[in-house]
Number of protein chains: 2
Amino acid sequence: MESLSIGQLAKAAQVNVETVRYYEREGLLPRPARRASGYRRYPSATVTRLQFIKRSKELGFSLKEIAELLALRIDPHSGCADVKRRAEAKLADIERKLTDLRRMRRALTQLVHDCGGEGPSSACPILDTLEGLR
Amino acid sequence: MESLSIGQLAKAAQVNVETVRYYEREGLLPRPARRASGYRRYPSATVTRLQFIKRSKELGFSLKEIAELLALRIDPHSGCADVKRRAEAKLADIERKLTDLRRMRRALTQLVHDCGGEGPSSACPILDTLEGLR
DNA sequence: CTTGACTCCGTACCCTACTCCGGGGTTTAT
DNA sequence: ATAAACCCCGGAGTAGGGTACGGAGTCAAG
């Protein structure tokens, strides 16, 4: 424990082995150390990195955007002010998503509440709120 | 005003005309009324529906999931209890996304805060939080 | 009544993000 | 020491979500 094979890593993060290699090609994962045989060896922290990528995707970020998020950590080619500016832009993104999600939640909660669970759906109050969110 | 051409609709909702026709094919938009010439005529409410689809995509929902969300409104083939059950499942999805987004926001806020905006990024506190979110 | 912008439809093409394949070495458990 | 299971790499294939094309009809302004 401390060094994982690509298969162990993939299993731990619940992704396909091919996906791990794909992310490496795309620069989302650093090229890992290799054994004499050429086999990749990953530090166990890579699991959380993969999970981060996965969850970010579920939140509607593209791989390119995720790469940008990851790049906010260590980038010797940009000043701190630049990092700050980019982080703020991502934050704005996130705030927008949060607002939309809360609106969606509100509409659905309303639907679940109004709908007793009995009778045909034709009797269910129609949720126009869902479309008139903005 | 009250009836839009496909071009007017697309412009109002900020999407491509081809996308509108694509959504129609995929069942995300109902087939609209037609003029004698065959031209599509949309009620202006379709604009908000397109915007809903757009924002839902940005939140990481697939077109299929979005169709399911839209189907929660009017579905004569399922009882109210069923609608309720599905709405609750979507709500759970949304809660998960909200939780992840808040965690992400927290990490980025921390980064922006810690980073004064001066000096090289090497001096910037590294945001390990970003990866260790869960 | 003509001209430029718009629309129709079907088909083809594109990008993203994987996912699989195949021929070949490596590790590991028995 | 020999399978079974794993890993290597390059390259091809796939699904989802559009986007573009092209030939033909339509509409609105001048």
Side-chain angles (χ1 to χ4, degrees), chain A residues 1-44 46-47 49-71 93, chain B residues 1-44 46-47 49-71 93:
Chain A
M1 56 207 64
E2 242 319 308
S3 167
L4 306 175
S5 71
I6 194 170
Q8 292 169 324
L9 171 65
K11 192 171 180 187
Q14 307 259 67
V15 300
N16 195 308
V17 166
E18 308 291 342
T19 304
V20 176
R21 302 208 300 113
Y22 174 68
Y23 286 170
E24 181 181 331
R25 285 198 295 284
E26 298 299 306
L28 283 126
L29 291 177
R31 312 138 228 71
R34 304 283 189 132
R35 299 176 162 201
S37 59
Y39 283 25
R40 291 169 177 80
R41 286 176 44 242
Y42 295 93
S44 53
T46 309
V47 176
R49 185 162 179 144
L50 273 173
Q51 287 170 339
F52 172 75
I53 294 171
K54 212 176 160 191
R55 276 174 296 124
S56 298
K57 266 192 327 165
E58 287 164 11
L59 294 172
F61 292 101
S62 67
L63 293 189
K64 195 167 169 240
E65 289 172 318
I66 295 168
E68 286 164 14
L69 279 168
L70 290 168
D93 266 23
Chain B
M1 53 207 64
E2 242 319 308
S3 168
L4 306 175
S5 71
I6 194 171
Q8 292 170 324
L9 171 64
K11 192 170 181 187
Q14 307 260 66
V15 301
N16 194 310
V17 167
E18 310 290 342
T19 305
V20 176
R21 303 207 301 113
Y22 174 68
Y23 286 169
E24 181 181 330
R25 283 199 296 283
E26 298 298 306
L28 284 127
L29 291 178
R31 313 138 226 73
R34 302 284 188 135
R35 300 176 162 203
S37 60
Y39 282 25
R40 291 167 177 81
R41 287 176 44 242
Y42 294 95
S44 54
T46 309
V47 176
R49 184 162 180 145
L50 271 174
Q51 286 170 339
F52 173 75
I53 295 171
K54 210 175 162 193
R55 275 173 298 123
S56 299
K57 266 193 326 163
E58 287 165 11
L59 294 171
F61 292 101
S62 67
L63 293 188
K64 195 166 167 239
E65 289 171 318
I66 295 168
E68 285 163 16
L69 279 167
L70 291 168
D93 266 23

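Quantities reported herein were computed from a predicted structural model and do not represent experimental measurements. Naming: A, B, ... by sequence-line order, numbering from 1 per chain.
- Taking side-chain N and O atoms only, B:N16 has no distance below 4.0 Å to OP1 or OP2 of D:dG17.
- In this structure, B:R41 reaches neither bases nor backbone, as no heavy-atom distance under 4.0 Å exists between it and the strands shown.
- Straight-line distance from the OH atom of B:Y39 to the C1' atom of D:dG25: 6 Å, rounded to whole Å.
- Nearest to the side chain of A:S62, among C:dA17, D:dC6, D:dG25, sits C:dA17.
- In this structure, A:K54 contributes its side chain and A:V15 its backbone to no donor-acceptor pair below 3.5 Å.
- Whole-Å rounding puts the B:Y22 OH to C:dA12 P distance at 17 Å.
- Side-chain N/O atoms of B:S37 include none lying less than 4.0 angstrom from OP1 or OP2 on C:dC8.
- Among all heavy-atom pairs drawn from A:A12 and A:Q51, the shortest one is O-NE2, 4.0 Å.
- Judged by closest nucleotide on DNA chain D, B:K57 is the one of B:K57 and B:R35 placed further toward the 5' end.
- For the pair B:R40 CZ and D:dC27 P, the interatomic distance rounds to 15 Å; values are reported in whole Å.
- A:R41 contributes atom CZ, which lies 11.0 Å from atom OG1 of A:T46 (distance to the nearest 0.5 angstrom).
- Not one side-chain nitrogen or oxygen of A:Y23 sits closer than 4.0 Å to the OP1 or OP2 atom of C:dA17.
- Rounded to whole angstrom, the span from the CG atom of A:L50 across to the P atom of C:dC18 amounts to 11 Å.
- Contact check, A:T19 against C:dC18: no side-chain N or O comes under 4.0 Å of OP1 or OP2.
- In B:K64, the NZ atom is not crowded: 12 or fewer heavy atoms of neighbouring residues, nucleotides or ligands sit closer than 6.0 Å.
- For B:R34, the CZ atom counts as densely surrounded, since its 6.0 Å shell holds more than 12 non-hydrogen atoms of other residues, nucleotides or ligands.
- The CD atom of B:E18 sits 10 Å away from the C1' atom of C:dC9 (whole-angstrom rounding).
- For the pair A:I6 CD1 and C:dC18 C1', the computed distance is 14 Å after rounding to whole Å.
- The nearest whole Å value for the distance from the CD atom in A:Q8 to the C1' atom in C:dT27 is 12 Å.
- Rounded to whole angstrom, the span from the CZ atom of A:R21 across to the P atom of C:dG22 amounts to 16 Å.
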